[in-house]
Amino acid sequence: MATDTRLLDGKTVIVTGAGGGVGMGIALACAQHGANVVIAARRTETGDPVAAEIERRGGRARSIRCDVASHADVHAAVDAAVSTFGALDVMVHNALAPVGPPTGIEDVPDETFRGMVGTALRASYLCATAAYPHLRANGGSLILLSSAAGIEGSPYIPAYGLVKAAQRGLAKSLAREWGPDGIRVNCIGPVAMTPAVEEVAKTSPVFTEGLLLNRTPLRRIGDPEADIGPVAVFLASDLSRYMTGQTLIVDGGGFLAF
Amino acid sequence: MSNDIDLDGHVIIVTGASKGIGLGIARHLADLGARLVVTARKPEALEALSAELDGRGTPHLARQLNTTDREGAVALAADVHAQFGRIDGLVANAQTFLSVTPLEEITERNMDLLLDTGPKGTLWGMQSVLPYMREQGRGRIVTMGSNAAINGAAGYGPYVSSKEAIRGITRVAAREWGPYGVTVNCVCPVSVAHRAPANPEDDPVRAAVFAETFKSQPIARDGDAANDIGPIVAFLLSDASQYMTGQTLMADGGAIMRP
Amino acid sequence: MTTRAGRRVVVTGDTALAEGVAAGLRELGALVVLLDAAYETEDDVRAAMEAAGDALGGGIDQVVHSWVEAALLDARVFAELSEETWAIACEHTLEVAWWTARQASPALRETQGSLVFLVPTIGMAGGAGYAMLAAVAEGMRVLAKGCGRQWGTTGATCNTVAVAPHHWTGDAAGAELTRNITLSVPAFGDQGDAASDLAPLVALLADDDAHFLTAATMVADGGTWMGL
């Protein structure tokens, strides 16, 4: 007897920042496993094509414009999921403002820091609280995209490390607080080649000096759909029913020291 | 895109498969259509498992093997490859247990037993499958750690030593074998039903201790070996985890949230 | 790095923890300025740090940051948390930590000094009812790692001391939080008096002997949580 090939059949998933990169990879992978997917991207120009691609492949999707730091937008995305597909089972918060180039902490522009606070901290609060009643009703799960930088810190983009860490502290606490409600909360720390990472790769020694690849046993940078997506599917599905409060580092084995 | 969690036809070795967590994992993998290689120390339990797998129609090979038997592991891997043509995964689960003993009373024999069956036995199993996985350019190895070991449970010195050593070997193997396409990850389960009193009335004190253990964790129950631990192991054996290696996955209902 | 006598230390925070650490450091010979105000802007933090430096005689050897917004000290049902409270309590506390690291940086780099973040262990372990405090704790701890890494060649260090949550939440809530993150009793039986148990460890981090310790986390909760 083969495994059930569609692990998210009948489930509805919201993915923020799904207009490209890791968010898109996760959205496509969830759709491949039968999920109805709400693409919550900052611009419909990027979100709409992803929804269209899912439908082209035979899945169900809806695109909605969503600024993740906006209470109204996040709640509208949740409402869209429920009104279009009847429920919300999984909230994946992935969107993030630009992290900027490597900078000393004293020189990080305010705008960069604000972007981190808004899209990682405020947005996590908004996504979690807006989704909560629905996740509770369905025994659903919350997935936050964090990073190894949220564990080991970043000498290049220190504000990024700070907020990615804060998200983990939040996730663990919500896992404890919402465990009795049947809601699981986990994080993923991916390394994947995305447009945002390509930008960082231009100036960060992590890439320019091959620091990242040198420490990656699998000798490649991840693909959002083939490498990161399936891990999100795992966390969203019943396969991980006995896991909560965890961070899965999906980086080809680069970061093991924890 | 093919189904990522599909293990249909995968050839997977599970050591210590005749009872406890190993048995649950073996059953779950059988459900997923894997072709199993199951080992155990004692022939009766192994025969019972083999009969069960026959009943399920699961292609399998059953071998009586102690994990301390390094040559036996090598011979087994050769036989597996001869029979099935490939080796896709190894679940290095076998491990001797030692009941609660204060550290100051631990003997050399105690340590030898746990370290021989745990980290050394795990390594012999890993070594035995590597040549085949390397040639295939793909392999999945799942080692077994323990939630109790990460927490340093008092009274479990040798067991904790063994399990933490296994996590160390897991990371080294991940680094060394990653370039070959072999991923190596560790699962730390909590699933104690096979140690709990079968009938709570028989041993109410022990039953109470077990019940208390799970109260304060987010998923407030013991892990079911087949349905809770099994799927996590299956994930690590599948293509879905192809970009994860050297990792420790807690399968413990959120009891421990490592930094 | 300096000897302990006359060491110039700034401690931030308005809890018994901050007061206790300040008092303990004074016992060990340090000159201590306690900044217990809440700061609205980065400029406020800069001004306060400058004034503290002046009061200490023109330099700062160590900054010990423990300040959190008061709203983080109470247990809250996360699902009922207002956005305003989240912003004021969680985001602003992290903002102040960020500003403090930035504004302490010039002074500490000059003296090859020590920045220490004091956080509750629930940042690493998670805390039901205290999600904001846990988020803040973990954000500060990893900010410390980033700073430690960045300051590497300057000789200034940045570390975190993670202590029992009761220092922020009070004894009852602290005991409940601890019960849920450990399966055994604390090795030392209690979880630390700020002045006599924690201050010496903080002082150690500014000693010459600790010049090679940076971006590290020291768990000092009497052997309660061993997840690190």
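As a basis for the values below, the full set of heavy atoms in this structure was taken, side chains included, without hydrogen atoms, waters or symmetry mates. In the text below, chain A, chain B and the rest are named by the order of the sequence lines, each starting its count at 1.
Neither the backbone nor the side chain of A/I157 comes within contact range of chain C, judged by heavy atoms closer than 4.5 Å. Residue contact with chain C, scored on non-hydrogen atoms closer than 4.5 Å, involves the backbone and the side chain of A/A159 alike. For A/V117, the parts lying near chain C are the backbone and the side chain together; criterion is any non-hydrogen pair under 4.5 Å. Heavy-atom distances place no part of A/F258 under 4.5 Å from chain C, backbone and side chain included. Contacts between A/D107 and chain C at a heavy-atom distance below 4.5 Å involve the backbone alone (N, CA, C, O). Only the backbone of A/T103 comes within contact range of chain C, judged by heavy atoms closer than 4.5 Å.
Aromatic ring centroids of A/Y132 and A/W178 lie under 6.0 Å apart. In this structure, C/W99 has its ring center no closer than 6.0 Å to that of C/Y39.
Using a 4.5 Å heavy-atom threshold, the side chains of C/T178 and C/P165 count as touching. The shortest distance between side-chain heavy atoms of C/L213 and C/M218 falls below 4.5 Å.
Between A/T247 and A/R168, the side chains place a donor N or O and an acceptor N or O closer than 3.5 Å (distance only, hydrogens not considered). Judged purely by distance below 3.5 Å, without hydrogens or angles, the side chains of C/E69 and C/T93 never pair a donor atom with an acceptor atom. Side chains of A/Q167 and A/S146: no donor on one and acceptor on the other come within 3.5 Å.
Contacts from residues 82-95 of chain A to chain C, taken as heavy-atom pairs separated by less than 4.5 Å, involve no residues at all.
Top candidate by heavy-atom pairs under 4.5 Å with chain A, chosen from C/S105, C/G123, C/A97, is C/S105.
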